Number of protein chains: 2
Amino acid sequence: MVEETMSSRSILIVDDEAPIREVIAAALEMAGYRTLEASNAQDAHSIVVDQKPDLILLDWMMPQVSGVEFARRLKRDPLTAEIPIIMLTAKGEEDHKITGLEAGADDYITKPFSPRELVARLKAVLRRSTPAGIDEPIEINGLKLDPNSHRITAHGDELSMGPTEFRLLQFFMSHAERAYTRGQLLDQVWGGNVYVDERTVDVHIRRLRKGLGDEFKSLIQTVRGTGYRFSTKVTETDNS
Amino acid sequence: MVEETMSSRSILIVDDEAPIREVIAAALEMAGYRTLEASNAQDAHSIVVDQKPDLILLDWMMPQVSGVEFARRLKRDPLTAEIPIIMLTAKGEEDHKITGLEAGADDYITKPFSPRELVARLKAVLRRSTPAGIDEPIEINGLKLDPNSHRITAHGDELSMGPTEFRLLQFFMSHAERAYTRGQLLDQVWGGNVYVDERTVDVHIRRLRKGLGDEFKSLIQTVRGTGYRFSTKVTETDNS
DNA sequence: GACATCTGTAACATTTCTGTCACTAAAGCT
DNA sequence: AGCTTTAGTGACAGAAATGTTACAGATGTC
């Protein structure tokens, strides 16, 4: 997995069972995050206000104030509403998904889950919810991608492509001039926790090239034996 | 499903029931993996230490030492901690979330599962456990090799060559001024246990020189009776 | 529900790479 | 110079990687 180098974020883990908290904390710290822990909603709330964690992992089942209730409360307060929440639900509680969504959770993880999955989804949520800065439009040679309006234009003309192609292009444009393997692209664009054949990447590359049109499709270059690369340096006899 | 040729990875299957092991082994071998089998923790441990498998498929339920216990043991030992583990759990055992997390499994598969799913998830785990480091470009006399973009440029102009030539050049550039035998090159560039005629190296040297062009091909020097060498110092005997 | 869109996979087509061989050229040796 | 050994070269068939197309299921919309 290709790691992002960013100032370590802090994650608040809210669960009434200490062993679970510890396991999760260990996994997150291994992945380079700082962790905070709380066993109940009261403590959790103090910590949220006090430490402003970057994300909250919230167990659905908790004595007294339930996870849902706590989430709802956080989302109501403008001060804390922006903090993304990932709900931890156990098998069989999946039906409560709707309630959870209403409460304002940003993602769900169903127990049991692997540490990798946890970290992967956590990253995804963090990436998505990063407020400003990262969402700046990227423009290269007249090809402009705007993450906010979700639009791609070539010299002003709008190009249309599917969501996956959009994310793929977005990733490429923000990581130009570097070759990525299909596996890395799956991790970065699809999200680490999917089980998809690597050849699927090829198909989406094809769709992306098609969507870019003749003028820009050459920016997506094949690196034979490795993967693909987004590069403004066009070479006819391109190869590895 | 046609699979990659990569130096086939070895997977250790640990399950006390022989039929299950065989089914799994067959599926994995079909997908191009080498398989090792063990019916209990003791055997499994010997194999792990001895053969260093790339991944372990571990049944949750096992007589004597349970899968969880075994996993925990492996993760405790620095020597084996890096080997990813996929747990096989049966229906109804799903609740053992905490134990499994603590044990350090990298993924879960719930029986019954399709061979297809197994292979897919296995690939995903393997993919993630083999990170791609960020390497520094190497530059010598205007010849630059950049592992990140996977490019070779001569004074800015891109040179094109095949994957093997790329690796060969990469090896040479990071081990300049030293002669290597064909055997050593096969080991280093082709990777350990390949059975390839040594003269094949000559052919790739030829291709590499061709790819480098007139200006740089003299950097690849023949050491008669021994092998080849990458050197910036042009030998006198060549000046005739 | 009919319709459109998107996704992942499989199957087939095409391109590129690989390892060998046969042969030539050069170097070493007596 | 002859003879022997070693390296350079071009051609080629099979293997491998990538490109392309078609399709079935999933999802969302009206």
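Values in this document were obtained by computation on a predicted structure and should not be read as measured data.
Sequence order on DNA chain D of the closest nucleotides to B:Arg209 and A:Arg209 puts B:Arg209 first from the 5' end.
Atom-to-atom, CG of A:Leu208 to C1' of D:dT20 comes out at 15 Å; the value is rounded to the nearest Å. A:Leu168 has its CG atom 15 Å from the C1' atom of C:dC6, to the nearest Å. Look at NZ on B:Lys210: it is 12 Å from P on C:dC17, rounded to the nearest Å. Whole-Å rounding puts the A:Glu165 CD to C:dC6 C1' distance at 8 Å. Nucleotide C:dT20 holds its P atom 11 Å from the CD atom of B:Glu198, rounded to whole Å. Taking atom NE2 on B:His204 and atom P on C:dT20, their separation rounds to 9 Å, with Å as the unit. Atom-to-atom, CD1 of A:Ile220 to C1' of D:dG19 comes out at 15 Å; the value is rounded to the nearest Å. Look at CD on B:Gln221: it is 12 Å from P on D:dG8, rounded to the nearest Å.
The aromatic rings of A:His204 and A:Trp190 sit perpendicular to each other, their planes meeting at more than 60°, with 30° as the lower class boundary.
Which of C:dT20, C:dA26, C:dG8 sits closest to the side chain of B:Arg224 comes down to C:dA26. Of the candidate nucleotides C:dG19, D:dG8, C:dT7, D:dG8 has the atom nearest to the side chain of B:Arg199. Side-chain proximity of B:Thr222 to D:dA7, C:dT20, C:dT18: nearest is D:dA7. Out of C:dT7, C:dT18, D:dT9, the shortest distance to the side chain of A:Arg207 is found at C:dT7. Taking the side chain of B:Asp202 as heavy atoms from C-beta on, and the options C:dT18, D:dA7, C:dT20, the nearest nucleotide is D:dA7. The side chain of A:Pro163 approaches C:dT7 more closely than any other nucleotide in the set D:dG8, C:dT7, C:dT9.
Between B:Asp59 and B:Arg21 there is no salt bridge, since none of the side-chain N atoms of the basic residue sits less than 4.0 Å from a carboxylate O of the acidic one.
Remark: B:Trp190 is in phosphate contact with C:dG19, judged by side-chain N or O atoms under 4.0 Å from OP1 or OP2. Residue A:Tyr195 has no polar side-chain atom (N or O) positioned under 4.0 Å from OP1 or OP2 of C:dT7. Phosphate contact (OP1/OP2 of D:dT6, side-chain N/O of B:Arg182, threshold under 4.0 Å): absent. Contact annotation: B:Tyr228 side-chain N/O to D:dT6 OP1/OP2 distance is not under 4.0 Å.
Aromatic ring centres of B:Tyr180 and B:Phe171: separated by under 6.0 Å.
Side chains of B:Thr153 and B:Glu158: no donor on one and acceptor on the other come within 3.5 Å. Residues A:Glu215 and A:His155 bring a donor and an acceptor atom of their side chains to less than 3.5 Å of each other.
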